[in-house]
A.B. asks: 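Take this structure first; my questions come after.
Below, all heavy atoms of this structure are taken into account, side chains as well, without hydrogens, waters or symmetry copies.
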Protein chains: 2
Amino acid sequence: MMKLPGKTVERLSEYRRTLLECLNEKRNFIFSHDLAARLHITAVQVRRDLMLIGYSSVLRKGYDVRELIDTIGKIIDSEESMNVAVIGIGNLGRAVAGYFKGKRSKLNLVASFDNDPQKVNRVISGVKCYPYTDIERMIKELDIRIAILTVPPDFAREITEETVRFGIKGILNFTTIPLNVPSGVYLEEYDMITSIEKVAYFVKENKIY
Amino acid sequence: MMKLPGKTVERLSEYRRTLLECLNEKRNFIFSHDLAARLHITAVQVRRDLMLIGYSSVLRKGYDVRELIDTIGKIIDSEESMNVAVIGIGNLGRAVAGYFKGKRSKLNLVASFDNDPQKVNRVISGVKCYPYTDIERMIKELDIRIAILTVPPDFAREITEETVRFGIKGILNFTTIPLNVPSGVYLEEYDMITSIEKVAYFVKENKIY
DNA sequence: AAGCCAATGTTAATAATTTAACAATAATCA
DNA sequence: TGATTATTGTTAAATTATTAACATTGGCTT
């Protein structure tokens with residue numbers, strides 16, 4: 001399987017999320033245009049993405065929800081499950097940890113890290129919290145591949161450098177500090193202020209006050 | 001000023017954030033390639049975006065940091081400040097509220113909403129929390145234009161319908177439920193699971209275990 | 001002060017992404 | 001059963017976004 005465009009990967013994740021909702025609703029089949037409508041995109045987009053991953057429905061009663069969930073999993077999930085840690089278990093860190101609960105998928109949240117003595121060595125939002133001094137040991141012991149960074153900005157660069165040195169291969173950075181990582185490490189950054197400012201801009205431009 | 005592409009708006013927000021960091025570092029001028037490097041994009045991208053907003057540096061000693069911050073503000077901020085509310089003041093809601101603290105900009109977080117009796121009528125992360133029953137009154141009284149949605153998924157659709165009915169013009173949806181809003185209301189959605197799955201996918205594809 | 005250098009603004013080219021168009025085909029129904 | 005409809009997979013076109021190319025210009029050097 002050729003490497004997919006990032007945009008397509010994102011949508012596949014969204015398709016799966018939506019399909020799982022369908023299962024909840026006891027819907028076993030879904031048309032491309034239904035799936036599209038739920039995600040505010042076009043049916044062509046859906047069909048094209050599924051084409052890219054080589055999925056065919058055969059039936060004309062829409063896609064088999066369960067089957068498609070599986071197919072998407074085969075593409076975007078890793079063979080065995082991958083371990084994840086949240087670094088900085090403040091409000092955002094706990095929110096992230098909460099999102100993992102009850103979520104299927106091959107991603108296991110196996111640890112969090114923080115320095116607050118109130119938190120260290122306790123289970124918070126379902127994950128054990130370790131002190132930063134244990135980070136090297138735990139990354140190796142638990143085979144952690146992905147770090148979700150929710151630390152205060154001042155601390156972001158330092159901790160990133162460490163996690164990378166200790167073997168982390170992917171970072172999702174929620175801090176406001178842009179990071180630099182060596183090649184071979186995948187970095188995804190998200191700044192919620194940017195999203196809010198974007199909303200504000202388009203609200204302003206609509207001028208429907 | 002013509003309406004800008006969403007991508008450019010996002011980058012402008014990021015430019016400003018970076019420029020504010022520059023001020024912290026007592027840097028008063030910055031070259032396009034410096035700014036670009038900090039954000040992992042190209043210098044051409046920066047120059048092109050600035051061209052779009054009609055900014056010229058005149059100097060060849062880089063952009064005047066303060067001036068550029070102002071210019072970006074003139075483009076992406078609204079004339080008077082715009083009021084924002086966080087709906088659902090759980091972990092994620094508190095994290096969002098925390099991000100607002102110490103942030104300049106024309107966006108004021110003026111309220112949060114929740115139904116937990118532990119939270120209602122108290123100040124949490126710097127904002128007063130109101131019960132959902134007050135939502136109509138407060139949106140109008142405080143002239144709230146933007147809602148940041150951080151409620152449990154089951155509640156997302158219902159509360160969205162209400163906020164829109166009561167006059168909200170922009171929604172940033174952090175829940176896992178895709179929303180539908182009438183035209184005239186701007187909707188931005190972000191699902192952190194998608195980001196994490198994207199990271200996992202590219203880690204897997206790199207295959208540098 | 002003349003000439004070089006470095007950085008900019010802008011147009012043109014390229015690449016990526018989305019959308020449109022349409023042929024193919026299973027399901028439906030007269 | 002045969003025609004019709006609805007939906008799919010896929011190629012081609014259009015759009016959007018990024019990058020390259022380059023002329024311009026202020027500053028610096030000698």
A.B. asks: Cut-off 3.5 Å, side chains only: do B:Tyr190 and B:Glu188 have a donor facing an acceptor?
C.D. replies: no
A.B. asks: Roughly, in whole Å, what's the span from CG in A:Leu68 to C1' in D:dG9?
C.D. replies: 15 Å
A.B. asks: Both A:Arg47 and A:Lys61 contact DNA chain C. Which one's nearest nucleotide lies toward the 5' end?
C.D. replies: A:Arg47
A.B. asks: Whole Å only: how far is the NZ atom of B:Lys3 from the P atom of D:dA17?
C.D. replies: 13 Å
A.B. asks: Salt bridge check, A:Arg16 against A:Asp77: does any charged N sit closer than 4.0 Å to a carboxylate O?
C.D. replies: yes
A.B. asks: Between the base of D:dT10 and the side chain of A:Arg48, is one N or O donor paired with an acceptor at under 3.5 angstrom?
C.D. replies: no
A.B. asks: Name the nucleic acid region contacted by B:Ser32, choosing base, sugar-phosphate or nothing; use a 4.0 angstrom heavy-atom cut-off, strictly under.
C.D. replies: sugar-phosphate
A.B. asks: When the distance from CD1 of B:Ile41 to P of D:dT19 is rounded to whole Å, what number comes out?
C.D. replies: 9 Å
A.B. asks: If you find the nucleotide of DNA chain C closest to B:Gly62 and the one closest to A:Lys7, which residue's nucleotide is nearer the 5' end?
C.D. replies: B:Gly62
A.B. asks: What is the distance, rounded to the nearest whole Å, between atom NE2 of A:His33 and atom P of D:dT5?
C.D. replies: 17 Å
A.B. asks: In whole angstrom, what separates B:Phe31's CZ from D:dG26's P?
C.D. replies: 16 Å
A.B. asks: Report the distance from atom CD of A:Gln45 to atom P of C:dA20, rounded to the nearest whole Å.
C.D. replies: 11 Å
A.B. asks: Mind checking if A:Phe29 touches a base, just sugar-phosphate, or nothing, with heavy atoms under 4.0 Å?
C.D. replies: nothing
A.B. asks: Any idea which of D:dT8, D:dT19, C:dT11 is nearest the B:Met51 side chain?
C.D. replies: C:dT11
A.B. asks: Look at B:Tyr55 and C:dT10 and indicate whether a side-chain polar atom (N or O) is within less than 4.0 Å of OP1 or OP2.
C.D. replies: no
A.B. asks: Salt bridge or not between B:Arg38 and B:Glu25? Use side-chain N to carboxylate O under 4.0 Å.
C.D. replies: yes
A.B. asks: Look at the side chain of B:Val44 and decide which nucleotide, out of D:dT18, C:dT10, C:dA7, has an atom nearest to it.
C.D. replies: C:dT10
A.B. asks: Starting at CG of A:Leu52 and ending at C1' of D:dT11, how long is that distance when rounded to a whole Å?
C.D. replies: 13 Å
A.B. asks: Between C1' on C:dA6 and CG on B:Asp34, what's the gap in Å once rounded to a whole number?
C.D. replies: 13 Å
A.B. asks: Show the nearest heavy-atom pair for residues A:Gly62 and A:Ser57, with the distance to one decimal.
C.D. replies: O-CB, 4.2 Å
A.B. asks: Do A:Asp191 and A:Thr176 meet the criterion of a side-chain donor-acceptor pair at a distance under 3.5 Å?
C.D. replies: no
